[in-house]
Amino acid sequence: MDYEPHAIERKWQQVWADADAFHVPNPVSGEPAPERHWYQLEMLPYPSANGMHMGHVLNYTMGDVVTHVRRRSGWTVVRPMGWDAFGLPAENAAIREGGHPREITERNIKTIREQMKRLGWAIDWDREVSSHTPDYYRWTQWLFLKFFEHELAYRKEAPVNWCPNDQTVIANEYIVDGHCERCGALVELRNMTQWFFKTTAYADELLEFELPEGGEWPERTKAIQRNWIGRSEGAEILFRVDELDLDVPVFTTRADTLFGATFFVVAPEHPFVEAHANEEAKSYARLAGARRAEDRAAETAKTGVFTGQYATNPVNGEKLPVWVADYVLMDYGTGAIMAVPAHDERDREFAEAFSLPIVDVIDDDGKLVNSNGFDGLTAMDGARGIVSMLEEKGRGKLTVSYRLRDWSFSRQRYWGCPIPIVYCDKCGVVPVPEDQLPVLLPEIEDYAPKGKPPLASNEAWMRVPCPKCGGEARRDPDTMDTFVDSSWYFIRYVDPHNDHAPFDRFVTDYWLPVNQYIGGIDHTTGHLLYSRFFVKALNDFGMLGFREPFARLFHQGWVQMGGTKMSKTKGNVAGPDDILGEYGADAMRLYILFMGPAGEDMEWTESGIDGIVRFVRRLWRTVHEVVERAPAPGVREGTLARKANETIAKVTDDVVRRFRFHTPISAVMELLKELSAAPDAPDARFAAETAVSLIQPYAPHVAEELWGVLGHERLWEEPWPVADESQLRRDTIELVVQVNGKVRDRMTVAAGLPEDELIAFARASERVAAYLNGGEPRNVIVVPDKLVNIVV
RNA sequence: GCGGGCGUGGCGAAACCUGGUCAGACGCGCCGGUCUCAAAAACCGGUGUCCUAACGGACAUGUGGGUUCAAAUCCCACCGCCCGCACCA
């Protein structure tokens with residue numbers, strides 16, 4: 001019988017579906033639960049119009065291998081799937097091509113779901129959720145209300161990117177070189193009232209990574225998050241503007257250089273400018289303030305204007321001119337700095353551009369000079385001394401500043417989760433009561449923003465009685481950032497049908513935190529950080545029993561084409577359909593994992609697929625040959641059996657401990673090579689069973705079929721093989737004999753010999769004798785059962 | 001500038017975690033063979049570099065140094081490449 005992948009794959013996919021093979025029910029409260037349970041999760045996909053690309057195939061196949069190996073090793077594994085279904089691409093497609101974002105999204109979901117099913121992944125489809133359905137976003141809204149209640153969601157004015165031509169807010173992704181990608185107009189900043197999550201309230205804890213037991217995150221991911229949070233310790237110091245009887249605080253990490261401050265700078269957006277600066281400074285600030293920080297930073301030359309005011313240095317009473325300049329950022333520190341041109345590169349550039357004085361206060365040995373009583377101190381001691389002196393006078397204190405900003409999640413778009421808030425002239429900001437959730441996303445005709453969010457044009461939807469006073473009120477026309485949806489999907493996954501709460505505490509206590517999370521490193525400062533924030537907050541609300549969502553984290557490498565990451569705009573996207581059509585799912589799955597280490601970037605090429613196809617055919621042919629020619633089953637000793645046991649040990653260790661997915665395939669290839677050379681050996685049947693069993697997580701369809709050929713059934717439930725330790729031991733070993741660390745001979749000797757006997761063997765070697773030249777060894781090193789090194 | 005990572009054949013890579021078996025498993029490609037009228041497929045064999053007719057030998061894991069009886073593997077420095085952040089005071 002020939003190997004026909006498509007027929008086999010259809011057949012087994014149907015069998016698994018009929019058997020509900022990968023569905024895992026939730027534990028029932030009060031009943032004893034299985035001890036070893038595992039939550040296997042890969043980042044949920046966005047339902048793109050192009051279907052899956054190879055990165056998805058890699059990602060989910062890896063998760064699938066882990067799922068199968070864990071399941072068959074006695075773990076209860078939950079492995080759900082869902083859709084990050086809101087978001088801009090579908091809305092833009094609707095504007096461009098007509099249709100409704102929902103229809104577009106659901107069509108895409110259907111396509112990808114079918115691809116996933118064709119790939120035969122062991123997904124518990126009963127748990128499928130999609131963020132755009134009312135029974136999901138109802139709970140997104142409910143959670144938002146909890147954050148609002150706890151004052152972790154709040155409104156404030158903040159600048160957004162605004163395209164003056166299209167009259168719309170635009171996302172960073174759609175800005176190219178400071179211009180609107182669509183129309184080319186220069187993007188401006190415009191202040192709007194927006195919703196924020198108070199992520200900064202958790203800044204210190206987000207730095208901690210107190211992972212659950214067995215948890216491990218890549219060092220680089222933690223480094224990126226730490227860098228993003230950007231904690232720096234310094235001091236806040238008050239400078240007085242005597243004329244105005246006003247204190248203006250600055251943040252500095254270099255209080256030791258305070259005596260070197262020669263001028264003072266505030267950011268263009270600093271309230272000081274509008275209130276106290278001269279006209280020239282005000283007009284400079286207005287212009288600068290309308291430009292995006294990225295554009296401001298792109299300019300190398302320093303610009304700024306003197307405000308006409310002077311601030312007094314609290315340590316020496318010197319009057320420093322107050323400037324406004326766009327190199328000072330409003331949203332870091334206090335938005336004002338003391339400028340020390342002698343010891344700060346940016347301040348120096350500015351001082352040189354505007355001929356401001358430069359005073360050295362740190363000498364070449366790093367000691368303070370020109371600093372009154374502090375001369376001679378090290379920088380650290382100087383800073384400490386200066387700050388404590390100021391503290392006594394009430395003019396300064398130690399403080400910490402963060403780079404992390406609160407998370408702005410208002411989006412002036414249609415295709416997202418409505419914000420369950422109404423605005424009442426009498427009552428102000430009023431949350432929609434829980435029993436009125438969900439606030440349904442209404443059907444509208446036109447998604448194009450015209451100076452206001454699309455929902456704002458829907459008068460019937462916007463007008464709503466105030467939940468508090470019953471008077472006329474209006475809804476919030478914005479929707480939520482899709483990262484809100486994905487900040488808790490992994491919690492909903494474990495209790496997806498719950499219709500009286502977002503999730504049940506008993507169920508989440510059982511499954512969560514996620515044991516193994518797999519996804520792209522590009523989500524480090526977005527989704528991964530937001531999810532950690534959500535979990536910490538929900539824990540503080542008493543809704544969850546843990547504080548970190550993901551115990552182990554793994555990032556797959558990029559599948560690239562032409563040296564760059566696949567992307568639609570570059571047109572270098574490859575999906576699985578061609579390979580699925582030509583060679584089937586098993587070949588696709590094996591091939592994507594065989595390409596190289598899953599954690600490293602790889603260049604997509606089909607050039608190696610032949611090797612995988614040959615391997616599968618050879619497995620097919622060999623198993624059939626073994627069934628015909630090998631004696632009855634039962635023999636588990638011999639050369640092939642030893643190799644089989646070694647392969648079991650290797651595959652298991654690689655997948656479970658090392659998270660390596662390509663080397664196990666090599667190992668099974670080796671086993672198969674030896675097996676195909678002796679298909680009639682007494683232990684051939686055991687070797688064949690082992691090869692089929694070990695390849696099952698990678699190629700479940702053909703493995704299942706061959707398992708049947710070998711006379712068994714339900715391989716997906718078959719216990720994962722365990723290496724027979726007694727078979728791993730060898731009676732003889734190859735003794736390596738080195739002279740001065742170079743291999744000069746090797747010989748087969750009995751295992752377990754004492755050192756002196758090994759030395760005797762080594763010295764008896766003629767080849768070794770030739771290198772010894774009759775001299776006496778200075779030293780002899782023996783590694784039992786391995787080698788003898790003779791040093792002369 | 002700050003932070004993280006990677007350098008091994010023609011190519012993807014293995015061995016690095018846990019120092020020890022002439023480094024290069026497994027696969028691609030290439031070369032040769034079997035089969036065929038021929039080709040493809042399939043199967044078998046070869047394939048780091050250099051010297052040699054051969055036997056055999058020398059060299060070889062980005063560069064330099066260190067630790068060690070022994071280094072691709074551990075440590076340090078440098079070079080090259082990649083990624084993240086960045087006028088963050």
Side-chain angles (χ1 to χ4, degrees), chain A residues 218-228 230-232 234 250-255 257 261 265 267 293-294 296-300 302 325-329 331-340 343-347 349-350 401-405 521-522 524-525 558 563 565 590-591 594-597 599-603 605-612 614-615 617-618 621 650 653 657-658 660 662-673 676-677 733-747 777-783 785-792:
Chain A
E219 207 41 59
R220 58 176 169 154
T221 312
K222 292 195 276 189
I224 291 169
Q225 286 202 356
R226 285 197 195 102
N227 196 260
W228 186 258
R231 183 181 203 274
S232 54
V250 303
F251 174 75
T252 180
T253 54
R254 294 296 307 277
T257 63
V265 191
E294 294 90 326
R296 279 155 57 169
E299 244 157 57
T300 43
K302 292 274 181 291
D326 66 1
Y327 81 94
V328 174
L329 308 173
D331 55 3
Y332 184 75
T334 63
I337 63 158
M338 61 174 212
V340 186
H343 307 292
D344 182 283
E345 210 180 308
R346 298 149 302 175
D347 296 345
E349 277 177 37
F350 194 84
S401 196
Y402 299 89
R403 203 136 64 191
L404 182 72
R405 317 268 191 266
I521 194 166
D522 52 330
T524 299
T525 57
W558 296 122
K565 192 178 151 184
L590 281 164
Y591 184 52
F594 189 62
M595 284 193 80
E600 287 170 30
D601 295 351
M602 54 192 90
E603 176 69 17
T605 164
E606 291 189 21
S607 69
I609 187 77
D610 288 347
I612 283 296
R614 278 179 206 136
F615 163 66
R617 286 199 198 120
R618 183 182 209 169
R621 199 170 54 239
K650 162 84 177 157
D653 187 56
R657 184 181 67 88
R658 302 190 67 196
R660 305 278 277 182
H662 62 315
T663 42
I665 301 174
S666 303
V668 176
M669 283 173 170
E670 280 185 58
L671 172 61
L672 181 60
K673 196 179 248 187
S676 63
I733 54 112
E734 193 173 23
L735 181 68
V736 174
V737 185
Q738 298 180 329
V739 177
N740 291 335
K742 291 210 176 219
V743 177
R744 294 305 181 188
D745 202 2
R746 57 192 56 229
M747 51 188 77
R778 265 198 303 144
N779 195 5
V780 179
I781 311 288
V782 180
V783 181
D785 279 351
K786 268 196 179 157
L787 66 73
V788 174
N789 184 15
I790 299 171
V791 186
V792 292

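Numbered from 1 within each chain, the chains take letters A, B, ... in sequence-line order.
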G9(B): syn or anti, with syn meaning chi within 90° of zero? syn
Counting only Watson-Crick pairs (N1-N3 plus N6-O4 or O6-N4) and G-U wobbles (N1-O2, O6-N3), all under 3.5 Å, who is the partner of [N]?
N	value
A41(B)	none
C30(B)	G46(B)
A25(B)	none
G80(B)	C6(B)
C74(B)	G66(B)
C16(B)	none

Once the angle between the rings of Tyr327(A) and Phe350(A) is folded into 0 to 90°, is it parallel (under 30°), tilted (30 to 60°) or perpendicular (over 60°)? tilted
Quickly work out the [X] [atom1] to [N] [atom2] distance and round it to whole Å.
X	N	atom1	atom2	value
Asp331(A)	A89(B)	CG	P	13 Å
Glu606(A)	G12(B)	CD	C1'	15 Å
Lys673(A)	G27(B)	NZ	P	4 Å
Arg254(A)	A89(B)	CZ	C1'	10 Å

Given that Met669(A) and Met602(A) both sit by RNA chain B, which one's nearest nucleotide is further toward the 5' end? Met602(A)
5'-most contact on RNA chain B (nearest-nucleotide basis), Leu735(A) vs Asn227(A), goes to Leu735(A)
Given [options], which nucleotide is nearest the side-chain atoms of [X]?
X	options	result
Lys650(A)	C69(B), A15(B), G20(B)	A15(B)
Asp610(A)	G29(B), A42(B), A14(B)	G29(B)
Glu670(A)	A89(B), C2(B), C26(B)	C26(B)

Phosphate oxygens OP1/OP2 of [N]: is one of them under 4.0 Å from a side-chain N or O of [X]?
X	N	value
Arg658(A)	A15(B)	yes
Lys302(A)	C87(B)	no
Arg614(A)	A42(B)	yes
Arg220(A)	C82(B)	no

Using the C1' atom on both, measure A70(B) against G1(B) and round to a whole Å. 42 Å
Using the C1' atom as the point on both nucleotides, what is the distance between G4(B) and A15(B), in whole Å? 25 Å
Over all strands shown, is [X] touching base, sugar-phosphate only, or nothing at heavy-atom distances under 4.0 angstrom?
X	result
Val783(A)	base
Arg226(A)	nothing
Ile224(A)	sugar-phosphate
Arg405(A)	base
Glu349(A)	nothing
Val265(A)	nothing
Pro597(A)	sugar-phosphate
Thr221(A)	nothing

Point-to-point distance, once rounded to the nearest 0.5 Å, from CZ of Arg226(A) to CZ of Arg403(A): 13.5 Å
Spacing of CZ belonging to Arg614(A) relative to CZ belonging to Arg621(A), to within rounding of 0.5 Å: 11.0 Å
When Met747(A) is tested against each of Val788(A), Val737(A), Val736(A) for side-chain contact (heavy atoms from CB on, under 4.5 Å), which residue passes? Val737(A)
Salt-bridged, Arg405(A) to Asp331(A), with N to O below 4.0 Å? yes
With distance as the sole criterion, do the side chain of Gln738(A) and the base of G20(B) form a donor-acceptor contact below 3.5 Å? yes
